[in-house]
Amino acid sequence: MKSLLDTYSTRTTENAFQLRCGRHLLDLSFPRVMGILNVTPDSFSDGGQHVALDDALRHAERMLAEGAAIIDVGGESTRPGADPVSPQEELDRVAPVVEILVRELDALVSVDTSCPTVIREASELGAGMINDVRALEREGALLAAVGSGLPVCLMHRQGEPQDMQQAPAYARPVEEEVADYLARRIAECEAAGLRRNRLLIDPGFGFGKRVEHNLRLLKYMETLQSLELPLLVGMSRKSMIGKVLGRPVEERLSGGLALAAMAVERGANILRVHDVAATVDAVNMTWAVLQEGCEPPLNKESDA
């Protein structure tokens with residue numbers, strides 16, 4: 001049966017926002033899905049599942065077929081309580097995966113890293129984006145990002161993975177503090193030569209936030225639109241779902257889809273998820289309602 005989405009081509013307008021990501025051009029005039037590819041032994045949901053290079057390649061290939069526009073490769077677990085890894089260990093995990101995804105799949109690869117060495121090497125290997133949970137605050141990361149020529153996602157967090165969930169607290173409404181922090185980081189990046197048109201922002205759900213902080217942050221996420229930058233959101237399988245619904249990590253898809261739909265309503269441009277096919281359907285359905293059925297997206301990536 002032919003779906004409504006099959007009857008339209010990708011929505012394009014004169015003012016459609018397009019983000020240059022290396023040799024790729026990412027159309028953000030409608031919400032896109034970013035597939036998570038952790039090449040770590042200890043990530044909270046899929047640790048150890050895609051460490052072998054062939055497993056990583058097959059999983060990325062599957063996510064692209066399901067509609068992912070971006071594959072986000074991470075070599076350091078940032079789950080609460082995670083131990084840090086050395087730059088060389090992270091690079092050894094990430095570099096072969098970035099190289100094969102670019103070569104074999106011509107994928108738009110984002111690299112989830114705070115490490116200057118990994119930023120530089122990933123850009124040389126053909127990565128198209130940097131996704132940094134520490135918002136380029138690690139020594140040398142901002143300089144490396146400027147030199148990479150790639151867009152960078154700056155995320156809010158409170159603390160480091162080892163301690164961020166011990167006692168998170170905010171003196172003001174969490175959405176205001178998140179917006180203020182991101183505004184400061186944006187200004188510091190621009191002052192260092194990282195142009196605004198290369199920046200994205202992420203409110204950092206689960207990074208130094210209790211459940212009530214996460215719920216309020218999503219409820220009032222439209223506050224972040226005042227920063228006028230593309231918004232990346234990652235809530236897939238996170239503990240906020242488990243604590244509200246009483247579900248273990250492998251049973252959080254339904255809750256995650258509800259959050260994805262609400263995020264799109266509140267202006268999310270990119271959704272970082274584990275379950276690509278289901279999220280693409282949820283995003284496309286939400287977008288079709290918001291657009292009243294007018295030229296909904298195909299969630300396919302476009303190249304220049």
Side-chain angles (χ1 to χ4, degrees), residues 3-6 8-12 16-19 21-22 24-38 43 45-46 50 56-74 97 101 105-112 127-131 151 153 155 200-206 218 221 229-238 241 252-291 295-303:
S3 72
L4 175 64
L5 295 180
D6 292 329
Y8 294 102
S9 60
T10 300
R11 187 170 76 101
T12 56
F17 182 78
Q18 296 189 327
L19 184 68
C21 301
H24 295 266
L25 195 62
L26 183 66
D27 183 359
L28 291 179
S29 63
F30 58 92
R32 311 311 297 264
V33 171
M34 170 187 276
I36 297 170
L37 179 57
N38 287 319
S43 292
S45 174
D46 56 355
H50 312 300
L57 178 62
R58 297 284 79 82
H59 186 55
E61 189 173 38
R62 181 165 57 253
M63 290 192 291
L64 291 170
E66 291 173 346
I70 313 160
I71 303 298
D72 192 46
V73 178
V97 178
L101 297 190
L105 304 179
D106 191 28
L108 169 46
V109 177
S110 166
V111 178
D112 184 357
M129 184 185 299
I130 302 300
N131 181 20
C153 183
M155 195 195 78
L200 307 90
I201 54 173
D202 180 345
F205 289 98
L218 179 58
M221 198 174 72
L229 287 176
L231 181 59
L232 187 154
V233 172
M235 295 180 282
S236 175
R237 300 184 186 176
K238 287 193 172 177
I241 304 170
R252 295 176 185 173
L253 175 58
S254 297
L257 296 179
L259 296 178
M262 295 181 74
V264 170
E265 273 196 305
R266 287 158 174 75
N269 300 95
I270 301 173
L271 291 100
R272 183 180 181 273
V273 303
H274 300 85
D275 304 288
V276 170
T279 306
V280 166
D281 279 353
V283 167
N284 284 346
M285 193 71 246
T286 305
W287 189 250
V289 172
L290 294 175
Q291 299 299 308
E295 298 185 6
L298 296 177
N299 256 305
K300 300 291 185 182
E301 189 231 342
S302 59
D303 281 340

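Residue numbers start at 1 and run along the sequence shown.
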Which heavy-atom pair separates [X] from [Y] by the least distance, and what is that distance?
X: P230; Y: N269; result: CA-OD1, 3.3 Å
X: A260; Y: T279; result: CB-CG2, 4.2 Å
X: P203; Y: M221; result: CG-SD, 4.3 Å
X: G35; Y: M63; result: CA-SD, 3.7 Å
X: E66; Y: A277; result: OE1-N, 3.4 Å
X: A56; Y: L37; result: O-CD2, 3.8 Å

Rounded distance [0.5 Å steps], [atom1] in [X] versus [atom2] in [Y]:
X: Q18; Y: H24; atom1: CD; atom2: NE2; answer: 14.0 Å
X: H59; Y: N38; atom1: NE2; atom2: CG; answer: 8.5 Å
X: L26; Y: S110; atom1: CG; atom2: OG; answer: 10.5 Å
X: L229; Y: F17; atom1: CG; atom2: CZ; answer: 8.0 Å
X: W287; Y: E265; atom1: CH2; atom2: CD; answer: 11.5 Å

Report yes if some heavy atom in the side chain of [X] is under 4.5 Å from a heavy atom in the side chain of [Y]; otherwise report no.
X: M235; Y: L218; answer: yes
X: V33; Y: V276; answer: yes
X: L19; Y: L25; answer: no
X: L231; Y: L200; answer: no
X: D27; Y: R32; answer: yes

### Task
Only one of I71, L232, L271, L108 passes side-chain contact (heavy atoms from CB on, under 4.5 Å) with M34; say which it is.
L232
### Query
Under 4.0 Å between a Lys/Arg side-chain N and an Asp/Glu carboxylate O for R272 and D112?
yes
### Task
May I have the step-by-step check of salt bridge (Lys or Arg N to Asp or Glu O under 4.0 Å) for D275 and R237, ending in yes or no?
CA-CA 9 Å; D275 304 288; R237 300 184 186 176; 2.9 Å; yes
#### Entry: Residue pair M129, V111: steps toward the side chain to side chain contact (heavy atoms under 4.5 Å, CB included) verdict
CA-CA 6 Å; M129 184 185 299; V111 178; over 6 Å; no
### Query
Taking it one step at a time, do L28 and I270 satisfy side chain to side chain contact (heavy atoms under 4.5 Å, CB included)?
CA-CA 8 Å; L28 291 179; I270 301 173; 3.9 Å; yes
### Query
So, the side chain of R252 versus the backbone of S236: is there a donor-acceptor pair under 3.5 Å, distance only?
no
